[in-house]
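Bear in mind the structure is a predicted one, so any value in this text is a computation, not a measurement. Proteins come first, then strands; the chains are lettered A, B, ... in the order of their sequence lines, and each starts at number 1.
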Protein chains: 2
Amino acid sequence: MRIGELSKRSGLSRDTLRFYEKQGLIHSHAGAAATNNYRDYPEDTLIQLEQIADAQAAGMSIADLILFLSQLEAADSEDFDGEAFLQARIDEVTDRIRRSERFLDSLRRAKQVLATPPTEP
Amino acid sequence: MRIGELSKRSGLSRDTLRFYEKQGLIHSHAGAAATNNYRDYPEDTLIQLEQIADAQAAGMSIADLILFLSQLEAADSEDFDGEAFLQARIDEVTDRIRRSERFLDSLRRAKQVLATPPTEP
DNA sequence: CAAAACCATTGACTTAACTCCATGGTTTTG
DNA sequence: CAAAACCATGGAGTTAAGTCAATGGTTTTG
């Protein structure tokens, strides 16, 4: 599909998609018509964009994401401990979830307070 | 306590603490010695800083945090629906946790793959 | 008591992740 | 077929959340 459709279906702006592609998070190939230079994005780019959104929600930077993706592909590089890298991310995300849940509790408590009318003395 | 101790105990830089104070997230008062202009931070600032870290981990911006804090204090302002605001944050954080957990799963699966030696054909 | 360590203030700088704009070419549509 | 809608590229601008550097005053310490 072309970038306009991808943008509409993913909810991301064209600029964001081009930015992601420049960073190497998604990929496209030249379209069928040789007359233009329009790019074509495969259908599963939508799934990848969802995964990117998940990763971002978990606090990963794009730089980390690129490293993570290279882990999925490579699975064997000398000078890089993939397992250690992944474990470090797992620890980070776990901690972030813990903190998020703690914060969620205080949001709920605050709402509770707001919803409860003050008692007459 | 003075800013140096707060920095050491919280793990945040002085600059960050001053930045937070300028934003209104933490507060201090003039110290005992009238001869200088050193500021004094109450003990429970440390707790507040932990809560701020939780909120940030949950994806809240400082601007939102300030609104949230004002909710805790005020509890009654005409032109502002505190409950709706809090519910919106609750929904956001809930979704973020959901996505984070999904991402955590793929991190764990990736590590599993890496840890499993390829099977001989 | 002097050097080292600390403090406040101001303003410029940095980084990540976009976002906008200008330009010029291509497709689609009424 | 012309206007509207779409596309690519390059580069500048924006925002949030800090970080750094310069200056000048204050405390602590060996």
Provide, to the nearest angstrom, the distance between the [atom1] atom belonging to [X] and the [atom2] atom belonging to [N].
X       : N      : atom1 : atom2 : value
B:Leu12 : D:dC20 : CG    : P     : 14 Å
B:Gln23 : D:dG18 : CD    : P     : 9 Å
B:Phe19 : C:dC13 : CZ    : P     : 18 Å
A:Asp40 : C:dT27 : CG    : P     : 13 Å
A:Leu67 : C:dA16 : CG    : C1'   : 15 Å
A:Lys22 : C:dT19 : NZ    : C1'   : 12 Å
B:Leu17 : C:dC6  : CG    : C1'   : 15 Å
A:Asn36 : C:dG25 : CG    : P     : 14 Å

B:Met1 and B:Arg9: CA distance, side-chain angles, deciding distance, side-chain contact (heavy atoms from CB on, under 4.5 Å) verdict:
CA-CA 10 Å; B:Met1 86 194 74; B:Arg9 291 220 264 156; 3.6 Å; yes
Any ion pair linking B:Glu21 and B:Arg14 (charged N to carboxylate O, less than 4.0 Å)?
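Salt bridge between B:Arg14 and B:Glu21, a charged N being under 4.0 Å from a carboxylate O: no.
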Residues B:Arg89, B:Glu92: salt bridge by 4.0 Å N-O rule:
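Yes.
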According to a strict under-4.0 Å criterion, is [X] in side-chain N/O contact with OP1 or OP2 of [N]?
X       : N      : result
A:Thr16 : C:dA17 : no
A:Tyr20 : C:dA17 : no
B:Asn37 : D:dT26 : no

Strictly by Watson-Crick or wobble contacts shorter than 3.5 Å, is anything paired with [N], and which nucleotide is it?
N      : answer
D:dT14 : C:dA17
D:dA21 : C:dT10
C:dA3  : D:dT28

Nearest 0.5 Å please: distance from the NZ atom of A:Lys22 over to the CD1 atom of A:Ile62.
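So the NZ of A:Lys22 and the CD1 of A:Ile62 are separated by 12.5 Å.
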Heavy atoms from C-beta onward define the side chain here; which of [options] lies closest to that of [X]?
X       : options                : answer
A:Tyr38 : C:dT27, D:dT26, D:dT28 : C:dT27
A:Arg18 : D:dA8, C:dC7, C:dC18   : D:dA8
B:Ser61 : D:dT19, C:dT27, D:dA16 : D:dA16
A:Arg14 : C:dT26, D:dC6, D:dC7   : D:dC7
A:Ile3  : D:dT19, D:dC7, D:dT26  : D:dC7
A:Ile62 : C:dC18, C:dT26, D:dT26 : C:dC18
A:Ser13 : D:dC7, D:dG18, C:dT19  : C:dT19

For A:Gln56, which contact category applies under a 4.0 Å heavy-atom criterion: base, sugar-phosphate, or nothing?
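Since only primed, P, OP1 and OP2 atoms lie under 4.0 Å of A:Gln56, the category is sugar-phosphate.
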Heavy atoms only, 4.0 Å cut-off, all strands: where does A:Arg39 land among base, sugar-phosphate and nothing?
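Sugar-phosphate, no base atom in range.
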B:Glu5, CD: over 12 other non-hydrogen atoms inside 6.0 angstrom:
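Yes, because the 6.0 Å sphere around CD of B:Glu5 holds more than 12 heavy atoms from other groups.
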Nearest heavy atom decides the nucleotide; on that basis, is B:Asp15 or B:Glu5 closer to the 5' end of DNA chain C?
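Result: B:Glu5.
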Check the pair A:Tyr41, A:Arg2 against side-chain contact (heavy atoms from CB on, under 4.5 Å), reporting the backbone distance first and the verdict last.
CA-CA 6 Å; A:Tyr41 295 85; A:Arg2 298 204 299 216; 5.9 Å; no
